[in-house]
Amino acid sequence: MTVTTTTSADLRSESVRSLYDQVMARCKDIDHLMGIGGILHWDQEVMMPSKAAAVRSEQMSVLVGVAHEMLTSPVHGALLDELEHRKQHEDLTAVLNPYELANIRLARKTYRDETLVPRDVVKASAALNSKSSAAWAAARKESDFAKFAPLLEEQIKMVRKSIGYKILGGANEEAGKINAKARASLGLSETDDCYKGYYQGLMNLYETGFKEDRLQALFADLKKHLIPLIAKIKAKNFQHDNSFLLRDYDIKRQTEFSHSLAKKIGFDTDAGRLDVSTHPFSGGAHPTDVRMTTRYTLNNLQEGITGTVHETGHSVYEQGRNKEYFGTPVSHALSLGIHESQSLLWERMVGLDKPFWTYALPLLKEKFPEDTQLQSVTVDQFYNGFNRVEPGFIRIEADEVTYPMHVILRYEIEKALVEGDIQVADVPAHWNAKMKEYLGLEVTEDRLGCLQDVHWSFGMVGYFPTYSLGSIYAVQIFTHAREKIPNLDEHLAKGEFHVLKEWLNKNVHEQGSLRESGDDLVFDMTGKHLDSSLYVKYLTDKYTAIYDL
């Protein structure tokens, strides 16, 4: 169906179902364009020739520009406006089901948000992302932040500009209130630069409806409980042996083992790929074309396993999205915090627990029969060694007790950058100081510090808090799964991962963006709003037992 005229009279003659179908046809076209962008991104990270960086930047700019033009077209807006008009005067529930009503809500929100940002800014941002990510990769290779700093400076300016249009246009009420209050207290006019509240706007892009003051309270609570827990573990002056993980293990056989785990958990290799990249990620074009990457280290067996299981959690979410509504807004993940909850649930609640290794350890021993030390390790010894708490430099390699400190560090720095409290040149010094304060580590080179994450190079500022939100969601969801699935641990110990995966498919993945926030999803599922005390209790109980505190 195609709309050829968009006057109110013409649209009023259309049925609600016709209007809805036309909006969804456009949404599906846009979704396919963004899926193509996902494949181009995967290609850039996995196999693109280095000399293609410039043309890839241009390609991404054109692609995103076309998608933005479709998102913000007057035709699309007129259809959505007419549906909104009908909603005010008719009972749309008589025609549309809850998923379809959610599609209208989500499409309208996206249209409103995107029309506030000029097309040339969207195209410039896409081009900058491609150029910036290439600069980050080169700077990381040389461990020289100064070579990435100019591009990061551009990214901070770009994200301010983009979110500024949305905040000043009224798309984020909470951010607008913070900004207005700051301007009034500082005696600034509307034309004066003031970036207070901008971080709230950016965070809302990734975790819809989550307020930063709540996040600050949450992180303060984590510091309150986890820093003493880390101190207690350090005070024991004892570590479980994990030397069996740090021997040289053939990369090819590591890869084969990790691939087998991904498939056993439920990753469909007929609907996806598993490759290697500098920074593990999951993406792609569609639930039938999911691209997952991980990485392996010769003398660290744990890194490849946990990285693969983590990304498998993301990928089975993508492959498990609601098939009936593929390509429409409601089929997409609700938030990055919820998405992260699925990767962390599989990596930590499952992959770091004894039932998982009751099943997997014998298979690992079969893969490396010549390693006599590995052959002698028991499940209990493996569990204790796999769950060592030991502060390290790299976030994605961090144990689950120290991990939140990595997230808090990044949140504090990126918020200060966006809101103008520190400058880009100050990032290494602030990063290194916080690593010393939170984890007691002296950063010796930028590769181990402020150059380890790819996110800022893609303008993904406001993203990092979702990692810790994901941890809290994960514990609450898994605790509920244990209550609802009889003998879940026994199923996991037998490698019957499909039991948990199918429960998650139904209760999380297929739900998509039906609800308006992750908190709403968790409340409807568990009867409780997001509760950080469950997360703290999980970590405290688990590691009190492991370290006999």
Side-chain angles (χ1 to χ4, degrees), residues 6 23 26-27 29-31 33-34 37 60-85 87 102-129 154-183 188-212 328-330 332 335-336 414-415 418-420 458-463 513 516-517:
T6 58
V23 169
R26 299 179 69 84
C27 285
D29 285 347
I30 294 166
D31 190 72
L33 284 175
M34 301 313 294
M60 292 300 294
S61 177
V62 170
L63 187 65
V64 172
V66 171
H68 183 258
E69 187 173 358
M70 293 178 66
L71 273 170
T72 60
S73 75
V75 172
H76 197 53
L79 287 164
L80 290 166
D81 285 345
E82 179 59 25
L83 281 168
E84 182 64 20
H85 175 78
K87 181 181 176 183
N103 267 330
I104 295 174
R105 167 177 58 82
L106 293 162
R108 185 170 178 78
K109 178 182 183 301
T110 300
Y111 174 78
R112 181 199 63 189
D113 289 352
E114 293 301 320
T115 52
L116 292 171
V117 183
R119 184 167 179 261
D120 62 335
V121 174
V122 175
K123 290 184 66 178
S125 179
L128 175 60
N129 289 347
E154 289 187 47
Q155 282 288 12
I156 295 301
K157 291 178 181 178
M158 182 64 74
V159 296
R160 283 175 179 167
K161 179 183 290 187
S162 297
I163 201 64
Y165 281 113
K166 295 181 180 181
I167 293 172
L168 298 177
N172 190 296
E173 185 177 345
E174 183 67 20
K177 287 179 180 179
I178 296 171
N179 188 260
K181 184 178 180 180
R183 287 180 184 277
L188 301 176
S189 71
E190 291 186 3
T191 58
D192 292 322
D193 288 339
C194 178
Y195 304 114
K196 300 301 180 185
Y198 277 42
Y199 192 82
Q200 170 68 69
L202 291 165
M203 188 176 71
N204 198 60
L205 298 176
Y206 305 107
E207 197 65 28
T208 302
F210 203 89
K211 294 184 178 181
E212 197 196 350
T328 70
V330 77
H332 287 274
S335 73
L336 287 184
E414 66 180 16
K415 172 180 167 62
V418 167
E419 300 197 344
F458 282 106
M460 297 170 70
V461 180
Y463 185 110
S513 291
E516 296 192 34
S517 71

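Along the sequence shown, residues carry numbers from 1. Heavy atoms only: backbone and side chains are in, while hydrogens, waters and symmetry mates are out. Owing to the predicted nature of the structure, the values given are computational and were not obtained by experimental measurement.
- Counting only distance, with no hydrogens or angles, the side chain of Asn103 and the backbone of Val330 share a donor-acceptor pair below 3.5 Å.
- Pairing each heavy atom of His332 with each of Asp31, the nearest pair is NE2-OD1, 2.7 Å.
- Between Val75 and Arg26 there is a side-chain heavy-atom pair separated by less than 4.5 Å.
- From Asn172, atom CG reaches atom NZ of Lys177 across 10.5 Å, with rounding to the nearest 0.5 Å.
- Separating the NZ atom in Lys161 from the NZ atom in Lys166 is a distance of 14.5 Å, to the nearest 0.5 Å.
- Counting only heavy atoms from C-beta outward, the side chains of Thr110 and Ile30 never approach each other to under 4.5 Å.
- Side-chain atoms of Lys211 and Asn204, non-hydrogen and from C-beta on, never get closer than 4.5 Å to each other.
- Within the 4.5 Å cutoff, the side chain of Cys27 has heavy atoms near those of the Pro329 side chain.
- Remark: Ser125 pairs with no residue by the side-chain hydrogen bond (donor to acceptor under 3.5 Å, both in side chains) rule, at least two apart or across chains.
- Across every non-hydrogen atom of Glu114 and His68, the tightest pair is O-NE2, 3.0 Å.
- Using a 4.5 Å heavy-atom cutoff, the side chains of Asp113 and Lys109 are in contact.
- Ile167 CD1 to Lys196 NZ: the interatomic distance, rounded to the nearest 0.5 Å, is 13.0 Å.
- Taking the side chain as every heavy atom from C-beta outward, Val461 and Tyr199 approach each other to under 4.5 Å.
- Legend: residues meeting side-chain hydrogen bond (donor to acceptor under 3.5 Å, both in side chains) with Lys415, ordered by chain and number and at least two apart, are Glu212, Glu419.
- A donor-acceptor contact closer than 3.5 angstrom links the side chains of Ser189 and Asp192.
- Of the possible donor and acceptor atoms, one in the side chain of Gln200 sits under 3.5 Å from a partner among the backbone N and O of Phe210.
- Glu516 places none of its side-chain heavy atoms less than 4.5 Å from the side chain of Thr208.
- The two residues Ser162 and Val121 make their nearest non-hydrogen contact at OG-CG1, 3.7 Å.
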Open item on the list: Between Asp81 and Arg108, does the side chain to side chain contact (heavy atoms under 4.5 Å, CB included) criterion hold? Intermediate values first, please.
Closed with: CA-CA 8 Å; Asp81 285 345; Arg108 185 170 178 78; 3.1 Å; yes
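- The CG atom of Leu83 sits 11.0 Å away from atom NE2 of His85, with the distance rounded to the nearest 0.5 Å.
- Atoms CD and CD, from Glu414 and Gln155 in turn, are 12.5 Å apart once rounded to the nearest 0.5 Å.
- Side-chain atoms of Ser61 come within 3.5 Å of backbone atoms of Lys123 as a donor-acceptor pair (strictly under, hydrogens ignored).
- The neighbour count for Glu173 CD, taken as heavy atoms of other residues, nucleotides or ligands under 6.0 Å away, does not exceed 12.
- Residues Ile104 and Val23 are not in side-chain contact: their nearest non-hydrogen atoms beyond the backbone lie 4.5 Å or more apart.
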- [ ] Evaluate side chain to side chain contact (heavy atoms under 4.5 Å, CB included) for Met60 paired with Asn129, printing each intermediate quantity in order.
- [x] CA-CA 9 Å; Met60 292 300 294; Asn129 289 347; over 6 Å; no
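- The nearest pair of heavy atoms linking Asn179 to Arg183 is OD1-NE, 2.7 Å.
- Across every non-hydrogen atom of Tyr198 and Val418, the tightest pair is CB-CG1, 3.7 Å.
- For the atom pair CE (Met203) and CD (Glu174), the distance works out to 9.0 Å, reported to the nearest 0.5 Å.
- Closest heavy-atom contact between Gly77 and Tyr111: CA-CZ, 3.3 Å.
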